[in-house]
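In what follows, a single structure is set out as C-alpha cells and then discussed.
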Amino acid sequence: MEPKISVIVPVYKAEEYLPRCVDSILSQSFTDFELILVDDGSPDNCGKICDEYAQKDSRVRVFHKSNGGVSSARNLGLDNAKGEWVTFIDSDDYIEQGFFSIPEDTSEDLLIQNYQLIIDGEFFSKKFEKCLITTAEMKNLVNENIAKRIYRVPWAKFFNRSIIDNNNIRFTEGVKIGEDTLFVLDYLYFAKSVRYLANSNYVYRKEESETLKKYSLPLGKCLEIVHLFVQRYDRLGANSISFLNFTNAMFYNLIYPRSYMSLVKWHCDKVIIRICKSINVDYGFKWAIKYGLLLIKQKILGNKAN
C-alpha cells in the first residue's frame, strides 16, 4: 500500500541541522508517510546521517547523487515519490507536531499552511484563517498573493502528486535562485482549487546576516531568471504589480559585478522595460544617461579631491 504523503528533503551541507529536521518528521503522530532524503553529494557527514536514519526507520528512503543543486535533488525525490501528496522540507528547517494534519474531506489541488520564521533565534509566527479557494476564485488568488513569500516557496504545502506527474512539473535545474517560485507558478497553472490550513507548524530558519552578495549572479543569469518568471506570470494570466515589482527589485539587486554597462543592459532589456512601464519607474536610455552623468560627475569630483 502506498503512503499518503511523500516528504522530500534535499540535503547538502546541513550536518548541524539535519538531525533536528529528520527527528521532527519521524516523531509526528501521523505515520502514513515516506521520507525521501536526497543527499546531493554533500561533502560533510550528511550522507552517513541519512543512511543511519534509513537503517532505523523503514519509512526513510535515501538517495545519494553527485552534487547538482537543490532543484536536481528535489527532482530526484519527485521521480521516486509514491504518496498521494507531496511536501518539501528544507534540511535546515523543521516541523512541529500536527504538520501532517490533512482534513479527510480534502479534494482541493493545493493545501497551504503558514509558517513560523526564525531570524537569528527570534520567532515570528504567521497564520491563515481556514478557507477554500474555488476555481472561480483562483485568478484573484493568484493576483493578490503570488508576490508573497508563501507563494514563492515549495515548503509548508501539500501538492497533489498526480497533478505533478501528469503535467511533468519539475524544478528548473541550472537556476540558482528562484527555482522555488518557478515550480509553484507552474503548479498553480494546473491547480483548480486551494485550501488554506489554519495550522502553522513549519519552522523556517533564516539568518539575518545573509548578504545579497552570497546570492549574487551575473547579469545574463539575472535576466534569464526574470524572463522565466515573466513567462510563468503571462501563462497564468496574472495581473500583479507587486509581483513585477518584486521580480525587478530582487534580481536587479543581485547583479554582480555591478558596472555602468551591466546596469545599462539591464534597463535596456525588453522584458525589464515592460516591467518598469507597468510599475511606473524610469527605464532604458533615459535612466542610462542620468546614471552615466552621475558617474562622470563623481569621477571629476574625485580627481579634484586628489
Side-chain angles (χ1 to χ4, degrees), residues 68-72 117 119-120 142-154 171-186 188 204 206-306:
V70 66
S71 290
S72 65
L117 174 64
I119 300 180
D120 291 341
V142 168
N143 291 338
E144 294 173 5
N145 293 282
I146 58 171
K148 297 177 181 177
R149 183 198 295 272
I150 194 62
Y151 277 88
R152 292 187 277 110
V153 295
F171 289 86
T172 305
E173 299 186 26
V175 173
K176 178 181 176 182
I177 298 172
E179 75 288 341
D180 292 357
T181 302
L182 293 172
F183 179 86
V184 176
L185 293 178
D186 282 340
L188 283 173
Y204 165 62
K206 178 182 179 181
E207 294 296 338
E208 193 67 280
S209 57
E210 291 176 352
T211 63
L212 284 176
K213 189 172 181 179
K214 176 181 176 182
Y215 299 100
S216 61
L217 297 169
L219 169 69
K221 181 58 72 171
C222 285
L223 287 173
E224 175 190 336
I225 300 172
V226 169
H227 289 192
L228 292 173
F229 270 42
V230 174
Q231 286 173 7
R232 267 61 169 197
Y233 175 88
D234 287 342
R235 186 169 75 152
L236 281 170
N239 181 17
S240 172
I241 297 301
S242 296
F243 180 81
L244 293 177
N245 189 48
F246 162 79
T247 300
N248 180 67
M250 170 78 171
F251 291 99
Y252 175 81
N253 287 321
L254 292 179
I255 298 172
Y256 186 84
R258 300 179 79 81
S259 68
Y260 171 65
M261 285 310 301
S262 69
L263 299 184
V264 168
K265 289 179 181 178
W266 173 269
H267 282 273
C268 293
D269 180 83
K270 290 182 179 180
V271 173
I272 299 300
I273 290 174
R274 173 191 157 190
I275 291 175
C276 290
K277 283 182 176 179
S278 298
I279 61 180
N280 294 317
V281 299
D282 288 341
Y283 64 95
F285 289 108
K286 179 180 176 182
W287 174 90
I289 292 170
K290 288 169 61 178
Y291 187 78
L293 290 174
L294 177 62
L295 289 179
I296 293 171
K297 181 179 178 181
Q298 291 174 341
K299 186 173 182 179
I300 292 173
L301 290 175
N303 290 337
K304 286 183 177 180
N306 294 329

Nearest 0.5 Å please: distance from the CD1 atom of I150 over to the CG atom of N145.
10.0 Å

Which of parallel (below 30°), tilted (30 to 60°) and perpendicular (above 60°) describes Y233 and F243?
parallel

Partner of N143 by side-chain contact (heavy atoms from CB on, under 4.5 Å), out of L236, I241, N239:
N239

Do the two ring centres, one from F251 and one from F229, sit under 6.0 Å apart?
yes

Looking only at heavy atoms, what is the nearest atom pair of K148 and E144, with distance?
CE-O, 3.7 Å

How many angstroms lie between CD1 in I273 and OG in S278, if you round to the nearest 0.5 Å?
12.0 Å

R258 and Y252: side-chain contact (heavy atoms from CB on, under 4.5 Å), yes or no, with the steps?
CA-CA 10 Å; R258 300 179 79 81; Y252 175 81; 3.3 Å; yes

Any side-chain heavy-atom pair from S71 and T172 closer than 4.5 angstrom?
no

Here the gap from I279 atom CD1 to S242 atom OG, rounded to the nearest 0.5 Å, amounts to 10.0 Å

Distance in Å, K270 NZ paired with L223 CG, rounded so as to fall on 0.5 Å steps
13.5 Å

Answer yes or no: is there a side-chain heavy-atom contact under 4.5 Å between V226 and I275?
yes

Any I146 side-chain heavy atom under 4.5 Å of L188 side chain
yes

Side chains of T181 and T247: closer than 4.5 Å at any heavy-atom pair?
no

Let's go through L217 and E224 carefully: what are the C-alpha distance in whole Å and the side-chain angles of both, what is the deciding distance for side-chain contact (heavy atoms from CB on, under 4.5 Å) to 0.1 Å, and is it a yes or a no?
CA-CA 11 Å; L217 297 169; E224 175 190 336; over 6 Å; no

With a 4.5 Å cut-off on side-chain heavy atoms, are F171 and D186 touching?
no

Closest contact, heavy atoms only, G69 versus S72:
O-OG, 2.8 Å

Could you grab the distance from atom NE2 of H227 to atom CD1 of I272, nearest 0.5 Å is fine?
6.0 Å

Let me confirm one number: the CD1-OG distance from I177 to S216, rounded to the nearest 0.5 Å.
7.5 Å

Give the minimum heavy-atom separation between S262 and P257, together with the two atoms involved.
OG-O, 3.8 Å

So does D180 get a backbone contact from the side chain of R152, meaning a donor-acceptor N/O pair under 3.5 Å?
no

